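Mind having a look at this structure? Questions to follow.
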Protein chains: 2
Amino acid sequence: MAYGGKPQPMKGIRQLADHLDISIGTVSRALNGKPDVNEETRKRVLAAAEQLGYVANQSGRSLRQGTTNVIGLMIQSSRETVENSDNFFLTVTGGLQSVFSRHNLDLIMLPCPNDEDPYEYLKRMVARRVVDAMIISETQRIDKRFDLLAKAKIPFAALGRSLSIGQHPWADLDFDGVANCAVDRLVAHGHRRIAISTPASDINLGFVFVEGYRRALERHGIHYDPALVIRAKSSEQGGYQVADELLSLEERPTAVILIYELMAIGLYRRMMEAGIIPGRDIAVVGFREAPRAKFLQPPLTCFRTSLYDLGVELAEILLSAMPAYGHIYPKTRRQTIWSLELIPGESDSFQLATTK
Amino acid sequence: MAYGGKPQPMKGIRQLADHLDISIGTVSRALNGKPDVNEETRKRVLAAAEQLGYVANQSGRSLRQGTTNVIGLMIQSSRETVENSDNFFLTVTGGLQSVFSRHNLDLIMLPCPNDEDPYEYLKRMVARRVVDAMIISETQRIDKRFDLLAKAKIPFAALGRSLSIGQHPWADLDFDGVANCAVDRLVAHGHRRIAISTPASDINLGFVFVEGYRRALERHGIHYDPALVIRAKSSEQGGYQVADELLSLEERPTAVILIYELMAIGLYRRMMEAGIIPGRDIAVVGFREAPRAKFLQPPLTCFRTSLYDLGVELAEILLSAMPAYGHIYPKTRRQTIWSLELIPGESDSFQLATTK
DNA sequence: ACGCGCTCCGTAAACGTTTACGATACTATG
DNA sequence: CATAGTATCGTAAACGTTTACGGAGCGCGT
């Protein structure tokens with residue numbers, strides 16, 4: 001007598017139970033695949049849920065379970081990043097999700113507003129307990145967020161290294177390896193005076209990049225000259241500015257390594273304006289591969305990698321740090337340096353004539 | 001006697017209340033700025049919350065209130081989009097947040113996994129009641145998501161038009177306006193045979209784009225030839241392919257309008273390979289402005305707009321559709337076409353000699 | 001007949017908030 | 001002094017789940 005009426009408005013598991021004339025507990029067990037339920041009734045419950053479009057309210061569930069089945073990826077959308085992130089995050093996200101979805105985990109991206117302090121933003125998100133675990137990106141050289149997450153006892157992994165990172169898990173592009181390879185290549189072509197560009201901000205990858213460059217120079221017995229380290233934004237304008245600064249140096253370098261491929265556009269233009277031809281008068285090496293690198297004339301020498309696979313790796317690293325999944329993903333390789341493959345172009349392929 | 005011990009582990013408002021020797025209700029009222037609380041005690045509560053790092057558990061709060069203070073932005077991260085979205089979403093997101101943050105609303109991005117049906121994904125997210133309102137993007141020509149959201153009675157706005165949109169609010173780039181302007185310009189330069197590129201997928205913007213193009217042609221008394229509408233991916237490779245198809249036409253067009261600026265890179269290259277010089281032998285007009293458009297030789301004629309401000313507009317449109325904010329944002333202009341400004345380059349500036 | 005184990009299901013407590021309601025103390029007013 | 005009004009606070013219910021616990025029914029061996 002309780003059922004048979006018009007379809008109730010479906011406000012929760014209560015209505016579903018009433019409709020089936022079954023207790024609320026049994027419905028919950030049936031939906032969640034618990035063992036203590038007849039296969040026959042489980043089928044009925046699942047069918048009714050499908051038909052009535054019932055999906056468990058997330059708030060109620062996570063309040064009870066203390067878990068949300070959500071992983072957060074924090075990004076700082078609109079600072080310097082927005083100029084150069086390209087599809088970096090979306091591609092990495094694809095890899096992350098391919099792993100998470102296997103475990104019924106949902107990934108959400110948490111873009112920190114540009115008028116809010118990233119640390120405070122993260123604190124807020126963490127304290128609200130809206131995610132089970134966290135991935136942070138664009139790590140600073142000194143980054144208080146690591147302490148915050150550790151103290152909050154929330155599992156996390158970082159996309160990018162940091163001095164503050166300790167034993168925490170991370171994955172990062174091989175910035176020093178790339179810088180190293182670029183220097184080797186340039187030195188082999190006869191260059192001794194090599195400039196490098198790095199972001200103006202405190203993002204750690206810049207330091208790692210320059211550090212790899214410095215060590216490579218030392219290995220070749222070349223003096224490290226801080227004047228050749230140019231801080232600039234990772235954009236076309238930044239590249240233009242780098243060229244500007246290089247041109248103003250009294251002892252002009254014969255090669256330059258850019259931390260972001262897009263900068264080559266501006267650099268090429270400024271050099272051309274000054275009558276200096278990239279690939280003939282100055283060697284240029286970029287960083288990540290991108291379509292326009294192929295278009296530049298001469299084509300830019302740069303480095304390729306699969307950001308999707310980097311996402312896969314990072315997801316596994318994070319899961320191995322989560323108690324509930326630690327048994328599936330071994331605790332090995334919790335800190336991964338992601339290598340890139342050299343794509344030789346023609347922007348640095350000339351042999352330097354011994355000048356001076 | 002109840003307090004003064006060591007700092008409790010701070011599990012919730014309960015501990016905070018105990019620590020202050022105040023009732024749990026008063027603490028809640030104090031934190032939420034309710035009137036029925038002494039200013040003196042409110043200060044004590046706020047101070048203690050700050051000191052102990054208390055932030056309300058989101059699950060408990062939204063379970064009780066039936067509201068989450070979260071707006072979702074759904075994106076399909078890794079389909080065709082990932083090739084061409086550039087920083088489109090991150091930039092729009094910046095604008096969205098600048099509005100939402102004024103109302104203590106948090107924006108989260110919900111990237112639909114590429115192996116999941118977007119409709120099912122959205123259904124899941126909506127049913128879980130994890131957001132108060134929703135923004136959907138990359139709208140298809142026929143898009144079932146509108147029905148879904150309307151039936152679920154969840155406020156929403158769309159970034160992009162659709163045939164399924166009815167009276168629902170949206171904001172969209174002025175695709176037909178751009179196509180219109182491009183045709184006008186090309187016709188003024190003597191072109192009569194004008195090709196256009198459009199995405200291969202069912203995303204609606206392609207249809208709007210071509211429709212604007214078709215109407216502009218008609219206005220000039222030019223026959224609309226379906227053979228000149230080339231479907232291709234919005235990437236460099238897509239541009240290469242467009243050029244390929246144009247070259248294979250018996251009656252070759254003298255101008256081409258691209259729906260995505262990046263395609264110009266591939267198109268330029270393929271044209272050059274065939275000995276055809278863009279800006280001299282064929283006119284090219286691109287769509288959104290991007291740094292590389294300036295670098296292309298000859299510079300690409302394209303269109304500029306502020307995606308950030310588009311985000312601001314879209315946020316206001318959404319808020320005006322939410323009951324709790326409708327009184328702040330008037331119900332006017334719930335469907336907005338976002339205009340773009342022509343950036344003349346040299347890729348289409350030559351006057352066509354009357355051939356044939 | 002009895003007890004035991006097993007399968008299946010209902011009951012109720014608990015998760016952390018917010019908020020309607022009532023209680024208390026104090027002030028002002030007659 | 002009695003009463004009404006006001007400011008402040010405590011109490012408890014409610015939100016929608018999950019899950020520990022116990023109970024009912026049944027089959028089976030002794």
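So you know, we letter chains A, B, ... as the sequences are listed, proteins then strands, and number each from 1. Keep in mind that what you see is a predicted model, and the values were worked out from it rather than measured.
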Taking B/Thr336 for the side chain and B/Glu313 for the main chain, is one N or O donor matched with an acceptor at less than 3.5 Å?
no

Does B/Thr26 make a side-chain N or O approach to OP1 or OP2 of D/dG10 shorter than 4.0 Å?
yes

If you compare all heavy atoms of A/Met109 against all heavy atoms of B/Ile75, which two are closest, and at what distance to 0.1 Å?
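Closest approach of A/Met109 to B/Ile75, heavy atoms only: SD-CD1, 4.4 Å.
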
For nucleotides 21-26 of chain C, read 5' to 3', which letter fits each nucleotide if B means a protein heavy atom sits under 4.0 Å from the base, S means only the sugar-phosphate is that close, and - means neither?
------

Between D/dG16 (P) and A/Asp18 (CG): distance, integer Å:
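From A/Asp18 CG to D/dG16 P: 13 Å.
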
Over all strands shown, is A/Ile22 touching base, sugar-phosphate only, or nothing at heavy-atom distances under 4.0 angstrom?
sugar-phosphate

Is A/Tyr54 close enough to D/dT17 that one of its side-chain N or O atoms is under 4.0 Å from OP1 or OP2 there?
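Checking A/Tyr54 against D/dT17: at least one side-chain N or O falls below 4.0 Å of OP1 or OP2.
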
Expressed in angstrom and rounded to an integer, what is the separation of B/Ile24 atom CD1 from C/dA20 atom C1'?
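Computing the B/Ile24:CD1 to C/dA20:C1' distance gives 15 Å.
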
The nucleotide from C/dT19, D/dC9, D/dT17 with an atom nearest the side chain of A/Ile13 is D/dT17

In whole Å, what is the span from the CG atom of B/Leu52 to the P atom of C/dG16?
16 Å

Could you tell me whether a side-chain N or O of B/Asp143 sits under 3.5 Å from a main-chain N or O of B/Ser164, the two making a donor and an acceptor?
no

Please report the closest heavy-atom contact between B/Ala133 and B/Ile154, naming both atoms and the distance.
CA-CG1, 4.0 Å

Looking at A/Val55 and B/Arg128, what are the two nearest heavy atoms and their distance?
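Shortest heavy-atom separation between A/Val55 and B/Arg128 comes out as CG1-CG, 3.9 Å.
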
Over how many whole Å does the gap from A/Gln65 atom CD to D/dT18 atom P extend?
6 Å

Tell me: CG of B/Asn57 to P of D/dC15, nearest whole Å?
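The answer, rounded to whole Å, is 18 Å.
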
Rounded interatomic separation in angstrom, taking CD from A/Gln58 and C1' from C/dC15:
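Distance check: A/Gln58 CD to C/dC15 C1' gives 14 Å.
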
What bend angle does the helix from C/dA1-D/dT30 to C/dG30-D/dC1 show across its length, from five-pair end axes and to the nearest 10 degrees?
60°

Donor-acceptor pair, side chain of A/Asn204 and main chain of A/Arg161, under 3.5 angstrom:
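Yes.
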
Minimum-distance nucleotide to B/Ala56 side chain [options: C/dT17, D/dG10, C/dT11]:
C/dT17

Taking the six-membered ring for Trp, are A/Tyr329 and A/His103 closer than 6.0 Å centroid to centroid?
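Yes: the rings meet the under 6.0 Å criterion.
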
With distance as the sole criterion, is a donor-acceptor pair present between the side chains of A/Asp132 and A/Thr67 under 3.5 Å?
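Present: a donor and an acceptor within the cut-off.
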
Euclidean distance, atom CG of residue A/Leu16 to atom C1' of D/dT18 [Å, nearest integer]
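So the two atoms are 15 Å apart, to the nearest Å.
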
Side-chain donor/acceptor of B/Arg61 to base of C/dT17, under 3.5 Å:
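In this structure, the two groups form no donor-acceptor pair.
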
A/Lys34 side-chain proximity, nearest of D/dC15, C/dT17, D/dT19
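Within the option list, the nearest is D/dT19.
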
Between A/Ser162 and A/Ile142, is there a donor-acceptor pair closer than 3.5 Å when you use the side chain of the first and the backbone of the second?
no

Is there a donor-acceptor contact under 3.5 Å from the side chain of B/Gln58 to the main chain of B/Thr68?
yes

So which of residues 37-44 of chain A are in contact with DNA chain C, with a heavy-atom cut-off of under 4.0 Å?
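Those residues are A/Val37, A/Asn38, A/Thr41.
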
Is there a donor-acceptor contact under 3.5 Å linking the side chains of B/Ser59 and A/Ser62?
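A donor-acceptor contact under 3.5 Å links the two side chains.
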
Write down the atom of A/Pro118, the atom of A/Cys112, and the distance for their closest heavy-atom approach.
CA-SG, 3.7 Å

Expressed in angstrom and rounded to an integer, what is the separation of B/Asp21 atom CG from D/dC9 atom C1'?
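My rounded result for the distance is 13 Å.
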
Listed nucleotide nearest any side-chain atom of B/Ser28, set D/dT19, C/dG10, C/dT19
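Nearest to the side chain of B/Ser28 among the choices is C/dT19.
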
Between A/Gly25 and B/Arg14, which is nearer to the 5' end of DNA chain C once each is assigned its nearest nucleotide?
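This one resolves to A/Gly25.
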
Between the base of C/dT18 and the side chain of B/Arg64, is there any donor-acceptor pair under 3.5 Å?
yes

Between B/Gln97 (side chain) and B/Asp106 (backbone), is there a donor-acceptor pair under 3.5 Å?
no

